[in-house]
Every structure is written in structure tokens, then in C-alpha cells.
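From a predicted model like this one, the values you see are computed outputs, not experimental measurements. Chain A is the first sequence line, chain B the second, and so forth, proteins listed ahead of strands; every chain is numbered from 1.
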Amino acid sequence: MQNAALARQFDQIAAYLELAGDSIFKIRAYREAASAIADYPGPIEDADLNAIEGLGSATIAKSREWFKTGKIKVLEALKAQYPAGLLEVMRVPGLGPKKVQLLWKEKNIDSIAKLQVALDADELDTLNGFGPKTRENLKTALRRLGELTSRTPLPDATGTATKILTALIERSPDAHIEIAGSLRRGAETVGNLNFVASSEDATPLLDTFAALPLFETIIARDETTVKARLHDGVEVELVVAPPVRFGTQLWFSTGSKSHIESVDAPPAFTSEREVFAHLGADYIPPELREGRDEWERARAHTLPALLETRDIRGDLHTHSNWSDGVASIRQMAQAMTDRGYAYFAVCDHSKALAMTNGLDAFRVREQAHEIAEVQADFPNLKIFRGIECDILRDGTMDLDDELLSELDFVVGSVHSAFNLPLAEQTDRIIRAIQNPHVDLIGHPTGRVLGVRPPYDVDVPALIEAAKKTGCCLEINASERLDLKDDYARIAKDAGVLLCIDTDAHSPKMIPNISFGVATARRAGCEAKHLLNTKTLADLLEWMRHR
DNA sequence: GCCGTTTTCGGCCCGACTGTTTTCAGTCG
């Protein structure tokens, strides 16, 4: 399977062309080719490229060139023309191709490190377009970027861990290996990846692991452990324990540190359940092992019966090709059926988000016809008419109340004016919470893990407001995990109903629900704390009383 | 660069915000 590697070539071409200031349509074409290749279900090297939508004569020729030579000349030429560091400078919020080019040509800045030095030394004040405000904004952006990218978001870390596991199992089919560490605990971001394996003889497995082609270097090795580094800098550790102490090792490697240090070190056990039994406690799910009150509760047999992914009966925030989704309503319906869901809501963007081809009143009503058509062919799946309606700067909704009242489910979301002062941003969203047509606030703090920090907003105040009106708050799965676990816990404790949605823009995003479930579990949520664990009948009843 | 024709090139992702520009370019969602 070379899909990911080839897709990466085209993504890189797109990034360089963006830097070069090339046509945004050409750039988009390369990005679409990359995602078509990444999404292709089989090995791309065996595919009929002409039959893949998004690939044309130019990208097909480049694909064949890459299959044959392992390189694409156009990309090599671009790499020779621009230092690789310019691409990372492009990722700084506030810097686009023009400003990056200027920094490079005028000040020889071709890395984030050099940009930081130049900012600290006040070397940019003579540069056109870099006034005092811009320089200050850049300093803030760099600080935030450092915080944002120092750890890997849960979804990405899960993908990487799966890749490593797959590669290892391919080479050692009989190995018994588990994911441990903060990834197993479902933390929103992950520092290192930890694995624990069970084997009488550690050496062969450690050899196999150390030889995986995924690693850049092996950092350390002893008789039980190999520590390696991936190309993106993430450290990966495999500990091999004999079967008689696998349970203890898994518990230990899962952490957290404060959870482990709260008790005396247990002796060797085969399973984690024996570890907890030895410590006089019920089994504590990994998501709760954060050194809060889990030991007391586990000893008093009062741990919550945490939500499971199988408790989720539908997805109430999804997109289609009516706005910026890539799949038709029918394709999404099929994917929801395949997953075994009882219902889902089509919630495309509203008109304020023009870039996404957001829907105005006319198209919202047009879409109803298509939903009805598809619904007729899916008797066992309820398709709700929904919208992800922009909450405008002043807290009013992008579409009027009369239209919203026609819809089954209304998600209100902020996609603009992220930099309002705390009080103003909070009031804006509370106003949406108080709109009787708004059923759910989507991604309430606006963050995107590794990309964008949350806007300034008083989340406890939102929770209070939601409690009063009965509006739900979202745990947006996927790349946001918003609300985050701590806020979700506060909302749950306040009696606010939460809803885990994927915000899926394609069928392949639908399984992301599990990341939201992990977040809810860390918040101590049981099935009853979620809106979309309701049966269809109960959900319809809930909607009637909204 | 891809697509879809109206077969040979035009349309595709638009509108608002921001800072510094002295009338608008660059960036972003």
C-alpha cells in the first residue's frame, strides 16, 4: 500500500505551489488528487488511475513517474527552489505566501527558529507590512504554535499507533501487544506512544520492533525495552514483559503517573484485573486513571458505568456535498446504515460561511426534497433535516427563526470573529443558547487540536445558560475534541445533556466518534448523559418537547 | 490542474476582517 506516500507527494507539491503563489485552483486540484489517492480503498499502485475522480492527465503522469523512479521531478525542482523550512513558516497564523516570501527574500528567514530570533531582536520593523501590531501578533502566534504542536492530537496519534501495530503484527503474527500510555487513556493529545507486549523471550520481538522501517532512529535499548523516534519526532516505546507480569506492566505503562503513585507498587500479575483486585479496587477504566478520585471510588464500588461507543445510536452533526462535505446525502445515509446507526442529521453550513457554499433559505428548502427522496430508500434509518447555522458576531443566527423552526435539529456554531473579548464572545454564544430553535452548540470553544487554540469564552457561563434553556452542548469528535474532557465533566455534573458528533465531511470520518466517546469517558459520562444514545423514539420525544 | 462540455476553454472558493496601505493587499474561515 503506497497510497499515503504518494498522497504526501501531491500534498507537498500543493504546499510549495501555495508558497510560490500559484493558482488556488491548481493547488486545490493537487490537494484533491492527494485525498483521492489517500482515500482509495485498495493499493493505489494496482489501481486504474483513469477511473479515479480527482486524478487527471497531469497527476496520473506524475503518479506513474513516482511508481517508476520513486521521485516526481516537479516536486524535486520545487524542493531545490525553496528551503523546506518555508513550509513550516507558512503554517504560522498570520503568514501567507506573500509575507513568507518577503521574510525569506529580505531577511533570509527560512525557519520558525529564525523568525523567532528576528522577532526577538526587533529586526522586522523596517519590513513592509510588518507594523507593530503584526509583529506582536506573530509573537503570540509563535508562542501558541509551540504549545499546540508539541504534542500529537489523539486522532493522529491513534492513526500512527495503528500503523506501528499493524507493521509489528505483520512481522510477528503471534505477538500479544497492547497500546498503553496516554493514548490508551484517551487523552486529547499524546506525547509519546507506549506499547506493552507479552512474551517469555523479549529479544526476537524487540529485534523486530527496532527494525521497523517507520523509525528514524533507535534512541535506547535494554533487555526489556526499545525506545525509538519517528520521522516527525514522536518517541515510541515498546516494553516486553513475561506473561506472568504482563498485567502489572500494562497497568504501569498506561499510567498516569499520579494514578500509579497513589498506591503501593503491586507484584507481578497476568492481567490488570488482578492488579486492581490486589489493590482492593474495582477495575478502573484507563480513561479514569488520572489521579483524581478514582481509587476512592473504585474501592467504594461507585465508579460510573462509562459510556461505550456501541451506546451511540446516531450522529447529529454531519455534512454533505450541499456545502463542504464530499459525499452525497445518499452516500452518507448508506455509511450511517453500514455503521448500524438508527438516525443521523444532515447539518450543512449556512450562508454566512460562503466559502463552504453555505445554504440560504431557498437551498435549505430544496435540500428537504433530496432528504425526503433518500429517506424513502432507507426505511430503517431516520434522516433528520438539520443545519449547522452560523452564530453571527452579535449572537443572532444566520438564518431566521421561521426557517429554523422548520428543521428537525439545529446546531449553532461560531466560525467567525474568534478574537472578540471574553465577555462579548460569551454573551454572543449565550444568545444563541437562548434561541429556542437552537438544539445544540457545536464545538463550543472553537479549538482545533494542533492548529488553533480556543477563543476566549467563559465555558461555565455557557453551561449555566444551557442548563436553563435545555440546549445541548457538543463534544465534537474528530480533530477538535470540543468540549474538552474537563468542561464536559462540568456540563455533565450540571445536568446539561451532551451530544457526541463527528462533524463528518465524508463517510470515512464517521468512525471518529470513538475519539469523542473517549473524551466523554474521561469526563465520567454514562450513556444517560448523552443525547445521541437515545433510541429514535426517545429522541423524537425529546425533540417534541424542545 | 480537473472537469465538462456549450470540443477547446472557462469555471472552479466567496466575503469579511485586519493592519497599515493613504486607497487596499494579505490572510483566513
Separation between the P atoms of B:dG11 and B:dG15, rounded to whole Å | 16 Å

Base, sugar-phosphate, or nothing for A:N137, non-hydrogen atoms under 4.0 angstrom?
-> sugar-phosphate

Picking from B:dT20, B:dG29, B:dC28, which would you name as closest to the side chain of A:P132?
-> B:dT20

Would you classify A:Y30 as touching base, sugar-phosphate or nothing, given that sugar-phosphate means primed atoms plus P, OP1 and OP2, and contacts are heavy atoms under 4.0 Å?
-> sugar-phosphate

To the nearest angstrom, the CZ-C1' distance between A:R91 and B:dT27 comes to 17 Å

Using whole Å, report how far CG of A:N357 lies from P of B:dC13.
-> 7 Å

Plane angle bin for A:H349 and A:H415 - parallel if under 30°, tilted between 30 and 60°, otherwise perpendicular | perpendicular

Tell me what A:D324 touches on the nucleic acid: a base, only sugar-phosphate, or nothing, going by heavy atoms under 4.0 Å.
-> nothing

Return the nearest nucleotide to the side chain of A:S57; candidates are B:dG1, B:dT27, B:dC2.
-> B:dC2

Rounded off to whole Å, could you give me the CG-to-P distance for the A:N50 and B:dC3 pair?
-> 10 Å

Can a side chain N or O of A:R393 be found less than 4.0 Å away from OP1 or OP2 on B:dA16?
-> no

Once the angle between the rings of A:H317 and A:H443 is folded into 0 to 90°, is it parallel (under 30°), tilted (30 to 60°) or perpendicular (over 60°)?
-> tilted

Identify which nucleotide among B:dG29, B:dC3, B:dT27 has an atom closest to any side-chain atom of A:P97, counting heavy atoms from C-beta outward.
-> B:dT27

Using a strict 4.0 Å threshold on nitrogen-to-oxygen distance, state whether A:K484 and A:E188 make a salt bridge.
-> yes

Residue matched to B:dG26 through Watson-Crick or wobble contacts both under 3.5 angstrom | B:dC17

Has A:N419 got a side-chain N or O lying under 4.0 Å from the OP1 or OP2 atom of B:dT18?
-> yes

Candidate nucleotides B:dT20, B:dG1, B:dC3, ranked by approach to the side chain of A:K133 - the nearest | B:dT20

Report the distance from atom CD of A:E32 to atom C1' of B:dC13, rounded to the nearest whole Å.
-> 11 Å

Any side-chain heavy atom of A:L399 within less than 4.5 Å of one from A:K351?
-> yes

Taking atom C1' in both B:dC2 and B:dT8, compute the distance separating them and give it to the nearest angstrom.
-> 14 Å

Pick base, sugar-phosphate or nothing for A:L95, based on heavy-atom distances below 4.0 Å to the nucleic acid.
-> sugar-phosphate

For the pair made of CG in A:D390 and C1' in B:dA16, what is the distance, rounded to whole Å?
-> 12 Å

Before accepting this row, confirm whether a basic side-chain N of the pair A:R64/A:E45 lies closer than 4.0 Å to the acidic partner's carboxylate O.
-> no

Could you pick out which residue, A:A417 or A:M355, lies toward the 5' side of DNA chain B when each is mapped onto its nearest nucleotide?
-> A:A417

Below 4.0 angstrom from OP1 or OP2 of B:dA16, is there any side-chain N or O of A:S416?
-> no

Rounded distance in Å between the C1' positions of B:dC3 and B:dC13 = 16 Å

Contact class for A:R452 (heavy atom, under 4.0 Å): base, sugar-phosphate, or nothing?
-> sugar-phosphate

Spacing between A:R31 atom CZ and B:dG1 atom C1', to the nearest angstrom = 13 Å

Could you give the CG-to-C1' distance, from A:L392 to B:dG29, as a whole number of Å?
-> 14 Å

Does a nitrogen or oxygen in the side chain of A:K99 sit under 4.0 Å from OP1 or OP2 of B:dG26?
-> no

Touch check for A:L55, heavy atoms < 4.0 angstrom, all strands: base, sugar-phosphate only, or nothing?
-> sugar-phosphate

Starting at atom CZ of A:F418, determine the distance to atom C1' of B:dG29, rounded to an integer number of angstrom.
-> 6 Å

Has the side chain of A:R28 got a donor or acceptor atom sitting under 3.5 Å from an opposite partner on the base of B:dC2?
-> no

Could you measure between the two P atoms, the one in B:dC9 and the one in B:dT23, and give it in whole Å?
-> 39 Å

Write down the distance separating the C1' atoms in B:dG26 and B:dT20, rounded off to the nearest Å.
-> 12 Å

Gap in Å between the two C1' atoms, one belonging to B:dT5 and one to B:dG10, rounded | 11 Å

Under-4.0 Å salt bridge between A:E406 and A:R365 | yes

Does a salt bridge link A:D485 with A:R522, judged by any charged N lying under 4.0 Å from a carboxylate O?
-> yes

Establish, with yes or no, whether the OP1 or OP2 oxygen of B:dT20 is under 4.0 angstrom from a side-chain nitrogen or oxygen of A:T134.
-> yes

